[in-house]
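Structure, as structure tokens:
Convention: sequence-line order gives letters A, B, ...; per-chain numbering from 1.
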There are 2 protein chains.
Amino acid sequence: MKHTDRKRADILAAAVTEFRTYGYDNTTMDQIADAAGASKRTVYNHFGSKEGMFEAIVREMMDRSDVLTGGEYDAEQPLPRQLKRIANEIVDTLKDESYRDLARVVLSRLLMVPEYSALISEQTQHINTMLSRWMRAAHRDGRLRVPRPELAADQFVGMLMAYAFWPALFNVEKGSTTIKQSIFVNQTVTMFLKGYEC
Amino acid sequence: MKHTDRKRADILAAAVTEFRTYGYDNTTMDQIADAAGASKRTVYNHFGSKEGMFEAIVREMMDRSDVLTGGEYDAEQPLPRQLKRIANEIVDTLKDESYRDLARVVLSRLLMVPEYSALISEQTQHINTMLSRWMRAAHRDGRLRVPRPELAADQFVGMLMAYAFWPALFNVEKGSTTIKQSIFVNQTVTMFLKGYEC
DNA sequence: CGAAAAGTAAACTCGCGGGTGTAATTGGGA
DNA sequence: TCCCAATTACACCCGCGAGTTTACTTTTCG
């Protein structure tokens, strides 16, 4: 890796860390330069402005967004097993500390600067597409009756996020009873399948 | 209403409007003073600082938070009808433009300043409590089998928010198929009840 | 090697915006 | 009517932080 590319990568990494920790507004460019072990001028040579830097990060985040992979329907496996696997994969992703930190930064900015919303909708669309494909397959296979796969996918993901994402994102601890992931996933999959079984 | 109280109320109202429109960071105290038809000094006499002003707004928002009322279980009515009523009430609240604007402001700040999170959790807890009471009642009445009412309530509200709140909050338009509220609510209630019926 | 490209340190500009001080004005209650 | 507290206009302070300039050193590469 060339020296200049290395520098650029260092700066980007430092920026991510700082933004994660302090938020966009409370991170200064000097701070980023220090953390990256680079001079402020170099930072500005690579990314034209603070805003430009943020965009670079968002772009990077998008490029890595093909995280969720295996959601293939399997005619041999029982439905609960399959759906639990998918659900756990999603929940694990959402629960990941670094993912959440990044989401916090991006979303907090997104709330007031709607320019990036298209990018974000791509993210959520990705999961939805995977899930609705699975449901369509199960439907075709005659094991499920899902008239609107996209709607069903939204319902399913909505429940998972209500458990694993939103409360943690906003630092809201759920009431006294924090339920174990396995219990929640089992219960949700069971209810969902019962609601859509033939 | 005394003159000074009137002034205070005007300032608060103006602040809400400005924060709603431009966000916390992009609203200046001068701007608020202008919009309120008050002098900057008066603003500072009433609320010690920008932060103090924001807190006053949050407090006001909390005071008005007993919006959702009727969630009483009725042994005579069919379950789908009852649950649809509740669901529509919740969705209507979440969809309300002014509620969403306020939530945008508060949540965007909450993401990076966790101090207020306790207040927010109160809000969500309120809906959850109402719903889980309803479910417990239906359970006791032998019409539903809900082992964990709180969990079920989270699931239900989670689905509603995934449809009516989060996408709109982040200005994310759902893919080509924007589904009508009645269809979504019907489908969700049906699936949920089928998943939990005896 | 030697020149061009990239990086550095530090001082600097500059506008913004939160917050204050003050002297003059208003207005409502006794 | 008179007084005192609230209000106002406006100038002012000041720290912060984005972005720039400059004079210099280091790296890359033909």
Side-chain angles (χ1 to χ4, degrees), chain A residues 1-59 104-106 108-113 115-116, chain B residues 1-60 105-106 108-113 115-116:
Chain A
M1 189 184 226
K2 291 194 172 72
H3 184 249
T4 171
D5 293 333
R6 167 91 255 135
K7 240 350 184 217
R8 193 196 148 92
D10 285 351
I11 293 170
L12 209 51
V16 170
T17 306
E18 299 303 301
F19 282 153
R20 271 185 194 174
T21 311
Y22 303 102
Y24 181 82
D25 283 318
N26 299 315
T27 299
T28 70
M29 293 301 262
D30 297 87
Q31 199 178 323
I32 292 171
D34 279 358
S39 90
K40 195 179 176 181
R41 202 61 191 82
T42 304
V43 173
Y44 274 96
N45 283 341
H46 278 295
F47 314 89
S49 64
K50 192 179 186 181
E51 190 60 30
M53 182 116 116
F54 183 73
E55 282 172 23
I57 291 176
V58 175
R59 230 170 290 123
R104 230 194 291 271
V105 173
V106 175
S108 74
R109 222 165 143 51
L110 198 66
L111 275 172
M112 288 309 173
V113 186
E115 264 70 63
Y116 308 103
Chain B
M1 191 183 226
K2 289 194 173 69
H3 184 246
T4 172
D5 293 334
R6 168 91 254 136
K7 250 321 187 242
R8 192 194 149 92
D10 286 350
I11 294 171
L12 208 51
V16 170
T17 306
E18 299 303 302
F19 282 153
R20 271 185 194 175
T21 310
Y22 303 103
Y24 181 82
D25 283 317
N26 299 314
T27 300
T28 70
M29 293 301 263
D30 298 86
Q31 198 178 325
I32 292 172
D34 278 359
S39 89
K40 194 179 175 180
R41 206 64 189 76
T42 305
V43 173
Y44 273 96
N45 283 341
H46 279 295
F47 315 89
S49 64
K50 192 179 186 182
E51 190 60 30
M53 181 114 118
F54 184 73
E55 282 172 23
I57 290 176
V58 175
R59 230 170 289 122
E60 171 112 351
V105 173
V106 175
S108 75
R109 222 166 143 52
L110 197 66
L111 276 171
M112 289 309 175
V113 186
E115 262 71 62
Y116 308 104

Qualifying salt bridge (Lys or Arg N to Asp or Glu O under 4.0 Å) pairs, either residue in residues 43-56 of chain A, two or more places apart: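 Listed once each, the pairs are A:E51-A:R109, A:E55-A:R59.
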Which residue pairs satisfy the salt bridge (Lys or Arg N to Asp or Glu O under 4.0 Å) criterion with at least one member in residues 24-48 of chain A, sequence neighbours excluded?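 Qualifying pairs: A:D30-A:K40.
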Less than 3.5 Å apart, which donor and acceptor atoms pair up between the side chains of residues 12-20 of chain B and the rest of the protein, not counting sequence neighbours?
{"unit_1": "B:T17", "atom_1": "OG1", "unit_2": "B:A13", "atom_2": "O", "d": "3.1"}
{"unit_1": "B:E18", "atom_1": "OE1", "unit_2": "B:Q31", "atom_2": "NE2", "d": "2.9"}

Start and end of chain A contact along DNA chain C [non-hydrogen atoms, under 4.0 Å]: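 Extent of the interface on DNA chain C: C:dA6 to C:dT8.
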Within the 4.0 Å limit for protein heavy atoms, which parts of nucleotides 17-30 of chain D are touched? Write it as a string from 5' to 3', B for base, S for sugar-phosphate only, - for none. SBBBB-----SSS-
Side chain to side chain donor-acceptor pair (under 3.5 Å) partners for A:N26, two or more places apart: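 Side chain to side chain donor-acceptor pair (under 3.5 Å) list for A:N26, sorted by chain: empty.
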Taking side chain to side chain donor-acceptor pair (under 3.5 Å) as the test, write out the residues that go with B:S108, two or more places apart.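 B:S108 satisfies side chain to side chain donor-acceptor pair (under 3.5 Å) with no other residue.
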With a 4.0 Å cut-off on heavy atoms, is A:G52 in touch with a base, just the backbone sugar-phosphate, or nothing at all? nothing
Distance below 4.0 Å between B:S39 side-chain N/O and D:dA9 OP1 or OP2: no
Is there a side-chain contact between B:L111 and A:L111, using heavy atoms and a 4.5 Å cut-off?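 B:L111 vs A:L111: side chains touch.
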Once salt bridge (Lys or Arg N to Asp or Glu O under 4.0 Å) is applied, do any residues pair with B:R8, and if so which ones, sequence neighbours excluded? none
Which pairs count as ring-ring contact (aromatic ring centres under 6.0 Å, His included) when at least one residue sits in residues 27-53 of chain B, sequence neighbours excluded?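 Listed by first then second residue: nothing to list.
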